[in-house]
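Notes follow once the structure below has been shown.
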Amino acid sequence: MGQLAVRALRAVLVVVLAGTVFVQALMVWVLVSGSDPEDGSLPLTPLRLITILGMGSAQVALVSVWRLVTMVRRGTVFSHAAFRYVDAVIGAIVAAALLWFAVTAINAPGQRDDPGVTVIMGGVGVAILGVALIVFVLRMLLAQAVARDVEAAQMQAELDEVI
């Protein structure tokens, strides 16, 4: 991975992380201060709590990707330590999907006249779970690469003994 790509990715990660922290802080401030202009049309308090949790899941994924990029730069990504971060990304994506399903359930009563919106929102949740499955497949590919790397190291050790 090139130095420019790493720096660009890290810049994006920092900007997104700062944005999520900002949104979380605003949501917490509105909840704690009591200055919520809720008019009753939507249950905003549960939606704000879901937003805070959703930003938290995004932050877990961002930090995990940062750690994986660091491992790539050091050449240590093909190790068992990388699985911890990939598993954290998968967990964060699944949590985001579950939170999205909660948003869909909260929004559903207001969509009685147009249930298609709820169906589309459910489809978005399934798509988010699909992303988690893609990352899981990539995890399996990483597991194969780690196994091959261990096997190659063992073969190299045997070859060194012969020589």
Side-chain angles (χ1 to χ4, degrees), residues 1-31 42-112 114-151:
M1 188 172 216
Q3 188 70 11
L4 180 62
V6 169
R7 287 185 181 176
L9 179 58
R10 286 187 173 166
V12 169
L13 292 174
V14 165
V15 169
V16 174
L17 187 63
T20 60
V21 169
F22 179 71
V23 169
Q24 272 183 323
L26 286 177
M27 293 294 159
V28 168
W29 173 253
V30 169
L31 288 173
L42 273 177
L44 292 180
T45 300
L47 290 174
R48 286 193 176 102
L49 291 172
I50 290 170
T51 300
I52 292 168
L53 294 172
M55 294 295 119
S57 70
Q59 291 163 355
V60 167
L62 292 168
V63 170
S64 297
V65 169
W66 183 285
R67 295 294 301 149
L68 287 167
V69 169
T70 301
M71 293 179 81
V72 168
R73 289 298 297 154
R74 292 182 182 157
T76 60
V77 74
F78 295 116
S79 67
H80 293 287
F83 291 112
R84 170 180 16 173
Y85 302 113
V86 175
D87 290 341
V89 170
I90 293 169
I93 295 170
V94 169
L98 294 176
L99 290 168
W100 183 255
F101 286 130
V103 168
T104 303
I106 290 170
N107 189 49
Q111 299 298 327
R112 288 191 182 122
D114 189 10
V117 172
T118 303
V119 172
I120 290 170
M121 289 179 71
V124 169
V126 171
I128 295 169
L129 286 174
V131 172
L133 284 172
I134 290 169
V135 177
F136 182 72
V137 168
L138 294 173
R139 183 194 187 283
M140 290 190 297
L141 291 172
L142 177 64
Q144 288 179 353
V146 169
R148 298 275 190 273
D149 195 43
V150 168
E151 183 180 329

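Predicted, not measured: the structure shown is a model, and the values here were computed from it.
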Would you tabulate the side-chain donor-acceptor contacts of residues 141-150 under 3.5 Å, counting partners in other chains and residues two or more places apart, or write 'none'?
none

Next item on the list: Can you see which heavy atom on Trp100 is nearest to which on Met121, and at what distance?
Entry: NE1-O, 2.7 Å
Checklist line | Separation of Leu49 CG from Leu99 CG (nearest 0.5 Å) | finding: 10.5 Å
Next item on the list: With sequence neighbours left out, write down each residue that passes ring pair (Phe, Tyr, Trp, His ring centres under 6.0 Å) with Phe83, or none if nothing qualifies.
Entry: His80
Which side-chain N or O atoms in residues 56-64 pair as donor and acceptor under 3.5 Å with protein atoms at least two apart or in another chain?
from  : atom 1 : to    : atom 2 : distance (Å)
Ser57 : OG     : Gly54 : O      : 2.8
Gln59 : NE2    : Thr20 : OG1    : 3.1
Gln59 : NE2    : Gln24 : OE1    : 2.7
Ser64 : OG     : Val60 : O      : 2.9

Note to self: Restricting to side chain to side chain contact (heavy atoms under 4.5 Å, CB included), what partner residues turn up for Arg7, sequence neighbours left out?
What the structure shows: Gln3
Item checked: Atom CZ of Phe136: over 12 foreign heavy atoms under 6.0 Å -> no
Next item on the list: Locate the shortest heavy-atom distance separating Met71 from Ala82; write the atom from each residue and the value.
Entry: CE-N, 3.6 Å
Notebook entry, point to check: Sub-3.5 Å donor-acceptor pair from the side chain of Trp66 to the main-chain atoms of Arg10, do we have one?
Noted result: no
Check: Are any of the side-chain heavy atoms of Val72 and Val6 separated by less than 4.5 Å?
Finding: no
Next item on the list: Mind running side chain to side chain contact (heavy atoms under 4.5 Å, CB included) on Ile106 and Ile50 for me, showing each step along the way?
Entry: CA-CA 10 Å; Ile106 290 170; Ile50 290 170; 3.5 Å; yes
Notebook entry, point to check: From Thr51 OG1 over to Met27 CE, what is the distance, rounded to the nearest 0.5 angstrom?
Noted result: 5.0 Å
Next item on the list: List the steps, then state whether side chain to side chain contact (heavy atoms under 4.5 Å, CB included) holds for Thr70 with Thr76.
Entry: CA-CA 9 Å; Thr70 301; Thr76 60; over 6 Å; no
Do any side-chain atoms of residues 122-130 form donor-acceptor pairs under 3.5 angstrom with protein atoms, and if so which ones, sequence neighbours left out?
none

Checklist line | Stepwise side chain to side chain contact (heavy atoms under 4.5 Å, CB included) test for Val135 and Ile93 | finding: CA-CA 9 Å; Val135 177; Ile93 295 170; 3.8 Å; yes
Check: Within a strict 4.5 Å, meaning less than it, do heavy atoms of the Val30 and Leu26 side chains meet?
Finding: no
Item checked: Side-chain touch Leu133/Val137, heavy atoms, less than 4.5 angstrom -> no
Next item on the list: Just jot down the side chain to side chain donor-acceptor pair (under 3.5 Å) partners of Arg84, sequence neighbours excluded, or say none.
Entry: none
